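Contents: one structure, followed by commentary.
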Protein chains: 2
Amino acid sequence: MKQKVTLKQIANELDVSIGTVSKALRNSKEISEDTRQKVQAFAKLYNYRPNNIALSLKNRKTKTIGIIIPEIVHNFFSKVIRGIELVANKKGYNVIVGLSNESFSKEVINMEMLANGSIDGFILSTSKQTMLNQDYHHFTESINQGMPIVMFDRVISEIPCDKVIVDDFEGAKKAVEQLIAKGCGKIALITTKDYVSVGKLRTQGYLSALDSHKIEAAASLILKISEEYDSEDQLEGLESEIENLFKDNPDIDGVFAVNELYALSAMKVARKLNKTIPEDIQFIGFTDGMLAKHATPSLSTVSQHAQQMGEKSAELLIHRLEHEEEEESYQTVIIETELILRNSTQ
Amino acid sequence: MKQKVTLKQIANELDVSIGTVSKALRNSKEISEDTRQKVQAFAKLYNYRPNNIALSLKNRKTKTIGIIIPEIVHNFFSKVIRGIELVANKKGYNVIVGLSNESFSKEVINMEMLANGSIDGFILSTSKQTMLNQDYHHFTESINQGMPIVMFDRVISEIPCDKVIVDDFEGAKKAVEQLIAKGCGKIALITTKDYVSVGKLRTQGYLSALDSHKIEAAASLILKISEEYDSEDQLEGLESEIENLFKDNPDIDGVFAVNELYALSAMKVARKLNKTIPEDIQFIGFTDGMLAKHATPSLSTVSQHAQQMGEKSAELLIHRLEHEEEEESYQTVIIETELILRNSTQ
DNA sequence: TGTTAACACGCAAACGTTTTCGTTAAGAAT
DNA sequence: ATTCTTAACGAAAACGTTTGCGTGTTAACA
């Protein structure tokens with residue numbers, strides 16, 4: 001087992017000083033052609049690579065980005081990571097991932113674990129519990145200590161940092177307007193509880209679309225799912241809530257759901273109630289993931305361009321890291337949504 | 001912006017030496033009760049946290065695990081990551097993720113990027129291109145340099161390292177035997193090209209099941225999909241290949257597919273050809289992901305327990321990292337598959 | 001021959017820790 | 001009064017780099 005070779009070892013072997021070896025490898029003009037070649041040859045032979053940790057300590061930069069997300073088994077978040085990794089890697093950065101699992105304390109612990117020198121900056125999406133608690137001290141602290149943050153999707157408006165969001169309001173509005181254009185008059189909304197910022201915005205988009213087409217919104221048509229039904233193995237609860245919605249309002253002819261799962265479950269319930277899609281009732285979901293394309297019928301969705309969000313987040317963070325002196329003001333980038341029409345709409 | 005405080009700064013403020021501060025914080029008996037309290041109070045006030053990078057350099061351990069996977073937007077891999085992160089975090093480790101995107105060179109580059117001190121060990125699943133090339137020098141080098149590797153799912157048998165695999169052979173066999181038990185006599189196989197180790201093993205399981213029930217295997221019933229059709233937006237090619245299979249063999253009454261996507265596409269084609277599922281034709285797929293549960297009809301699958309694979313991989317790696325002196329022999333852990341029956345089978 | 005400039009290299013500090021090994025002073029023991 | 005012990009702390013090395021600066025050697029020049 002030939003261990004990693006260090007400058008010191010090379011220096012000893014070649015009877016020169018450590019500094020000389022370092023300079024020779026970096027092609028410093030201070031070093032003679034002779035020794036430079038000798039050192040480089042030796043280094044190549046022994047496959048010398050500078051130790052990242054030592055470099056990080058010296059430069060006070062790790063070239064590593066910390067990502068904190070609520071959940072990784074989720075098409076949206078994994079696409080964001082892919083986007084981040086793509087541009088990070090291109091610029092010589094690594095990404096280190098922490099999962100909050102929607103829990104406030106895990107979010108805090110993960111951030112503290114990484115903030116002590118392991119990374120140069122954060123890209124994160126807030127956990128639901130944090131939004132509920134409204135305790136943001138870990139974000140403020142990180143920023144105060146000079147560790148920049150980029151928030152995406154689930155952002156906190158009070159926190160001064162770069163943000164990348166999707167236009168949830170407009171996206172939802174576009175979707176509902178599409179339903180209206182296709183003849184829907186009684187459109188239900190399946191959404192989350194209000195403390196999830198994106199859910200709230202999408203709800204507002206839904207209301208706005210109705211309003212601008214003089215359709216009266218009805219509280220009975222809005223179903224707010226509590227998060228206990230979000231888990232993959234709690235589908236029955238979700239479905240029975242939806243079933244109640246349909247039974248209480250048998251004349252629903254359109255459904256807008258704030259995520260794929262809600263939309264698919266709703267379609268399932270509709271089929272069970274012998275409604276045909278899209279003739280009797282049409283569906284549009286938010287978030288264009290794996291499920292929508294392969295559903296039967298395939299689901300029309302509002303695509304968030306998750307990978308693009310990741311790419312943009314990484315660009316913002318890296319730019320800030322590499323132009324620290326300039327202290328630019330924080331920006332909020334809005335990624336356009338795109339309506340993808342499939343067979344769940346006419 | 002109060003920057004991170006260091007031992008040196010505390011030492012200066014309190015007019016003691018750096019060493020004293022360090023000892024005081026670690027409750028060394030060398031330090032008087034008096035100064036110990038003073039130092040600890042000061043440290044708490046300024047929220048002192050030891051710098052991870054400095055510790056890594058000193059201890060020659062980073063407490064970080066490198067994960068290299070072919071793709072992150074994939075239910076299986078993200079579940080594995082979740083498992084790894086779970087036990088890693090519990091044991092005080094971080095995880096840093098590199099994506100090979102199924103490319104050999106990206107796999108190599110990512111590993112080199114991490115191997116220079118950034119991590120203590122790898123958990124990885126080989127890219128397809130690497131399996132095709134059969135060039136494993138980056139694995140051997142890493143191991144030779146004392147950086148342990150744990151391979152999962154797509155493993156290389158020649159490489160001496162811990163491995164976590166699923167029993168692809170038995171899993172496939174169980175699935176096919178289930179089809180046979182439910183009355184299928186003409187069972188097609190939709191699989192990958194042979195260089196993907198898991199695809200090969202699953203194919204062998206299929207053949208073995210047929211053989212042990214005296215059913216003759218027919219080459220015409222085995223469809224090997226080339227990887228160019230694996231991308232999400234190349235579904236048409238995949239579907240037309242499957243359609244040909246069905247048209248050439250109209251009496252197929254069972255299909256075993258080595259992944260979810262193939263199975264779902266096959267079901268879609270079957271529906272298009274006016275076959276009813278599961279009466280006319282039954283389906284079982286490998287890998288229990290998001291799609292299977294939500295397909296119509298829901299797809300029976302062979303579950304790989306991805307998260308458990310991740311957990312086991314992390315346990316193996318961390319155990320080896322923390323018992324380096326003992327030089328235990330390498331083990332291969334087999335995670336049992338589980339047949340999950342849904343509505344695509346009778 | 002003496003001065004100077006360029007060249008080639010070594011030294012040492014710095015990044016932030018931990019830890020071993022002194023060192024000092026006070027008090028106890030002889 | 002002298003030696004010994006012990007408590008409490010400081011100094012310095014080490015982890016692996018990079019880099020500014022000092023220095024010795026050589027060759028060129030006056």
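By convention in this document, chain letters (A, B, ...) are assigned in the order of the sequence lines, proteins followed by strands, and residues within each chain are numbered from 1. Because the structure is predicted, anything quoted here is derived from the model rather than measured.
At a threshold of 4.0 angstrom between heavy atoms, the contacts of B/L55 are confined to the sugar-phosphate backbone, with no base atom among them.
Between A/L25 atom CG and D/dT18 atom P there is a gap of 8 Å when expressed in whole angstrom units. Atoms CG (A/L7) and P (D/dT19) sit 12 Å apart, rounded to a whole Å. For A/K61 and C/dG16, the NZ to P distance is 14 Å, given to the nearest whole Å. Atom CG of A/N116 and atom P of C/dG16 are 13 Å apart (whole Å). A straight line from CD of B/Q37 to P of D/dC9 spans 13 Å, rounded to a whole angstrom. Rounded to a whole Å, the CG atom of A/N27 is 16 Å from the C1' atom of D/dT19.
Remark on the helix from C/dT1-D/dA30 to C/dT30-D/dA1: inter-end axis angle 90°, axes from five-pair C1' superpositions, rounded to 10°.
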**Report entry** Per-nucleotide protein contact string for nucleotides 7-15 of chain C, where B marks a base within reach and S marks sugar-phosphate only (heavy atoms under 4.0 Å, - for neither)
**Finding:** -BBB---BB

List, one per line, each side-chain donor-acceptor pair under 3.5 Å for residues 89-98 of chain A, sequence neighbours excluded.
from  : atom 1 : to     : atom 2 : distance (Å)
A/N89 : ND2    : A/E85  : OE2    : 2.8
A/N89 : ND2    : B/N110 : OD1    : 3.4
A/Y93 : OH     : A/E322 : OE2    : 3.0

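Residue pairs meeting the salt bridge (charged side-chain N to carboxylate O under 4.0 Å, His left out) criterion with at least one member in residues 147-156 of chain B, sequence neighbours excluded, are B/E102-B/R154. For residues 111-130 of chain A, the set of pairs meeting the salt bridge (charged side-chain N to carboxylate O under 4.0 Å, His left out) definition, not counting sequence neighbours, comprises A/K128-A/D230.
Salt bridge present: A/E71 and B/R82 bring a charged side-chain N and a carboxylate O closer than 4.0 Å.
A distance-only check finds no donor-acceptor pair linking the side chain of A/T35 to the backbone of A/I31 [under 3.5 Å].
Side-chain polar atoms of B/E107 and B/H138 form a donor-acceptor pair below 3.5 angstrom. Side-chain contact check for A/N47 and A/K4: no donor-acceptor pair (N or O, by modelled atom type) lies under 3.5 Å.
B/H74 pairs by the ring pair (Phe, Tyr, Trp, His ring centres under 6.0 Å) definition with B/F77, not counting sequence neighbours.
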